[in-house]
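The structure under discussion appears below in the form of structure tokens.
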Amino acid sequence: MARVVVDVVLKPEILDPQGQAIVGALGRLGVHGVTDVRQGKHFELQVDDGVDDDTITKLADTLLANPVIENFTIRRV
Amino acid sequence: MARVVVDVVLKPEILDPQGQAIVGALGRLGVHGVTDVRQGKHFELQVDDGVDDDTITKLADTLLANPVIENFTIRRV
Amino acid sequence: MSVRVGVVTFPGSLDDRDAARAVRIAGAESVSLWHGDPSLHDVDAVVLPGGFSYGDYLRCGAIARFAPVMEAVVAAAADGLPVLGICNGFQVLCESHLLPGALIRNDHRKFVCKEQALRIENTSTRWTSEYRESQEIVIPIKNGEGGYVADERTLDELEANGRVVARYVDGNPNGSYRDIAGICNEAGNVVGLMPHPEHAVEALTGPGTDGLGFFLSLAGVAAA
Amino acid sequence: MSSTNLDTVKNAKKTPHQPQPYAELGMKDDEYARVREILGRRPTSAELAIYSVMWSEHCSYKSSRAHLKQFSEKAPATDVLLVGMGENAGVVDVGDGWAVTFKIESHNHPSYVEPYQGAATGVGGIVRDILTMGARPVAVMDSLRFGRLDAPDTHRVLPGVVAGIAGYGNCLGLPNVGGEVYFDDSYAGNPLVNALCVGVMRADGIKLAKADGPGNKVVLFGARTGGDGIGGASVLASATFESEGGTKRPSVQVGDPFAEKVLIECCLEIFAADLVVGIQDLGAAGLSCATTELAAAGTGGMDVDLDLAPLRDPTLRPEEILMSESQERMMAVVTPRHLDAFMAVCAKWDVTATVIGTVTDTGRLRMRWHGEQIVDLPPRSAAHEGPVYERPIERPYDQDALIEHDGHDLPRPRNGSELRATLLRLAASSNLADKSWITDQYDRFVMGNTVLAQPEDAGMIRLDESTTRGVALSTDGNARYTRLDPYAGAQLALAEAYRNVASTGARPLAVTNCLNFGSPEDPSVMWQFTEAVRGLADGCQVLGVPVTGGNVSFYNQTGATPILPTPVIGVLGVIDDVTRRTPQAFRTDGALVYLLGDTLDEFGGSEWQHVAHGYLGGRPPAVDLAREQLLADILINASRDGLIDSAHDLAEGGLAQALAESCLRGGAGVRVILPEDADPFVALFSESTGRAIVSVPRSEEIRFTDMCTARRLPFARIGVIDLLVPNLEVQGQFSVQLRELRSAWSSTIPAQFE
Ligand SMILES: Nc1ncnc2c1ncn2[C@@H]1O[C@H](COP(=O)(O)OP(=O)(O)O)[C@@H](O)[C@H]1O
Ligand SMILES: [Mg+2]
């Protein structure tokens, strides 16, 4: 059994209203020095040992992320 | 300028309908060997060098995560 | 014989009844299609209705795309079958790559339900021929992730080829790029629309009957 | 878990003196002693779990039950009630073989702890109650109370609550057709989230929660059981927030609306094929409640093998499984003959379904775990024979002073320009301002049967596209009135909901209620509660509308300070032709505006007192239920006969606010001429009840006024609609452009949250 993490973020050119809203809230919270926030998705997968990187890449590329608007990274942890 | 990543995941005892929906779809996709998926949120922050870990922890605890149902981890990358 | 329009039900579809009713009010016959059934049962057109297929938990439409019925829809669309995706159905069409671009979280980050004015900009599709060029209509909009996005090149291409079917007027309700409310594929048989024409087919329960044209267009074209 | 430290029935008999944590579970000494007496031994830990949740305030109504009896004792004679109080929800006959079930329930405390999930699961829970009766849920409403609009906690709680109601209800595909939103300091730290659901069925399709027929199978279906919400029933709902502290927060239930949507469709298919003997949703107290209630209402016994319950978390102990409040679960009793068909429907919808037990005639609820007996109790004792308290009652010491200081000397606006400013200020005040920032987050179109939705006086739903028959619903509650006089306050809430329903042209039929109060252990709260119950029961008797069900929420307080007493009353009405409904908007040029009813100098508890002076004192407006009935008759007949184009009931903010709302809704101006002898301030802002404004096309004026004269309903022609001049003008006093009025009215709430 292995644990795999897939992080999905919007491509830089796509507007991220949720990240923007957080930046906006920071001021009200009295937090300074955070200049940008982007929000994405984080997936933690339990996979059998036999599952190879290609399978996970395919999974990320077809299901977990929408390549039209999102990029992803894969980490085994 | 530093980049900080905050990952927010539901506490283990909390129902994760999103992860469940993905697990359900895997079979139809013909992907085997992925036994569990949990879905969380992923934040990428740009912070000034002066911003310390305490500030980021406070930020994560009050704004990015809901400590009633979620845990978070902080990574400087 | 009247036109037979299939209305797909995915787990979590909500507006399938309303879509079927709109089809009937337009004088066509509605045929229920089940997500797990790969046959389209010889229908003349397909509506992918609104709702929250599979809860829309991952991304709207992302999981529905893999339903057996969608394989058939994708194949038939390539052969010219008229397909209308409304709201969640539009999202499914984008996820299935039948239409370009994607729909993301509304810029104000809230679900929005209201009566929305649109301008019909392309009246040559299989679903919009009943409208006049540039006709303004009011139909409900209701979505949380209705912001249409695509890269600049795609957007320019859509505009250049008249593939923007409908545009928001009097205010953009969700941050859609270039106020886009609906688009079509190159052939014009596949249309995706964020607002809900099927909720505007009876004056009693909607803002009016401006939505009926989508369903009448289809009945007319198919009969012709 | 090894079975060595399992607390079995055998073990309980052997170790009578083993200390048990009943106090931590919220049980009193004498309650625990009674359990021992019932069982003739100490309870096992699983049995203790069952009794502690079933005998909690939330599930047993131990402080309120003695008083709620009045709803039955004083129930008006009626032949519309198919199922009365005591079931998951009451069922009303609405004619033509159609039946409707509706109920309102609170989810206050969970919504404070986790606003989004608390509110979302509140919707999920009430929808399952309605589904359980055999009905298709067709609409929801939500009645909300928060602290001051600008309070920090309101900013934390309100957006989450609203998004949660929207997130769950929209995803279920249930139109949200109405509700309320009020702001008051007393709810800071204790918001109220009351959710209502209405469902439709054929009258012969009613399902009941009973486990009949020995040998029949007990099926648990829907979501798997997890560790969420454990102790929610007794801990979350029966203790104040303070005692939980900040560190050890109770676990929260997370809703899965997609699972519930699928569960609804699955259940409806099961009902249509007539595959169940009895059915019960799992809500508060989860499996404990479902098994004891089903068994108690049926043949009387049930054997359950708890190992068979599908779990999300395999480490759960039996006590936890019994107390878990995991959402989106149901329990059905199915004959062996129908079991395969039942399972096939579940499989079609991808719903997990598991036989976990069998109905027996032993009179005992028995449960096994790892082969050992861990529960053996008489189910009625847990479900229906919980403790009943006659709590001490005492009229609050400040009640007389509150009434006496009636604010009659508060400065009032004296001229046209001050009246104008008052109108704008009230329209922009948090309680009267436009709520569309909230309600635009709710889908009101889905299902295609919504005839009227917020901000109309009542929501109206066509029962089905095959008929023109429909129902109208309104929820109302004015906590300031109730603080001044709880007996009258409950009746005023009832009267307002009744009037709202009648304003749309529907005939009021039946009542549901959610009684939100402070601690029942506080004698002055208990006085408020008992007065309100008495007022409601008496009011329903006079109006001829039975209470069909409801919910009590106690312990709504911050520290020792209770919330304002807040009975929320829902009234359901029926209309046989929804195309005849009366909307609120002024829309016909030249139509005449009539004010129906009498206006007195009544400002106790009024919005004006509150907004202009931050004051609360005096008596609330007088209740006149006979007048309400007469007014309703006129509104209903006028709608049926096509005599009026619009109707709007008068409530908070009085005539001025009602005119403003009808103008803004229709985008139509109005020229008002107040009666000559009237004090303009009183005429515009008094909150006298039993009033409405209607617009009458000129062609119908004689018929309409003749009807009012014949029935002796006071009426006054006060103005005329002008579609061309978009002003609200009160002749001789002031004029306001609708643009200015709209901007005042509609910017208050967005300004706080955008
Ligand atoms: N204020 C009330 N008025 C009338 N009936 C009530 C009231 N409060 C509770 N009831 C009735 O008591 C019964 C138990 O209520 P409740 O515990 O809320 O049901 P549930 O099991 O769905 O939680 C129901 O029949 C309900 O209608
Ligand atoms: Mg119930």
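A note on names: the letters A, B, ... follow the listed sequences, proteins ahead of strands, and every chain is numbered from 1. Values below: all heavy atoms of this structure, side chains included; hydrogens, waters and symmetry mates excluded.
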So which residue, A:Thr55, A:Thr62, A:Leu59, ends up with the most heavy-atom pairs under 4.5 Å with chain B?
A:Leu59
Show your working on side-chain contact (heavy atoms from CB on, under 4.5 Å) between A:Asp36 and B:Leu45 and close with a plain yes or no.
CA-CA 6 Å; A:Asp36 189 35; B:Leu45 282 57; over 6 Å; no
Counting heavy-atom pairs under 4.5 Å with chain B, which one of A:Arg3, A:Met1, A:His32, A:Arg38 comes out on top?
A:Arg38
Member of A:Gln39, A:His42, A:Lys41 meeting the side chain to side chain contact (heavy atoms under 4.5 Å, CB included) criterion with B:His42
A:His42
Give the interface residues of residues 70-77 of chain B toward chain A, defined by a heavy-atom separation under 4.5 Å.
B:Arg75
A:Pro17: what forms a side chain to side chain contact (heavy atoms under 4.5 Å, CB included) with it, not counting sequence neighbours?
C:Arg109
If you tally heavy-atom pairs under 4.5 Å between each of A:Leu63, A:Ile56, A:Val31 and chain B, the highest tally belongs to A:Leu63
Whatever's closer than 4.5 Å to a heavy atom in chain B on A:Leu64 counts as side chain
Paired with B:Glu44, the side chain to side chain contact (heavy atoms under 4.5 Å, CB included) test is passed by just one of A:Val37, A:Asp7, A:Val9, namely A:Val9
Keeping the roles fixed (side chain from A:Thr35, backbone from B:Gln46), state whether a donor-acceptor pair exists under 3.5 Å.
yes
The interface call for A:Val34 against chain B, heavy-atom contacts under 4.5 Å, is both
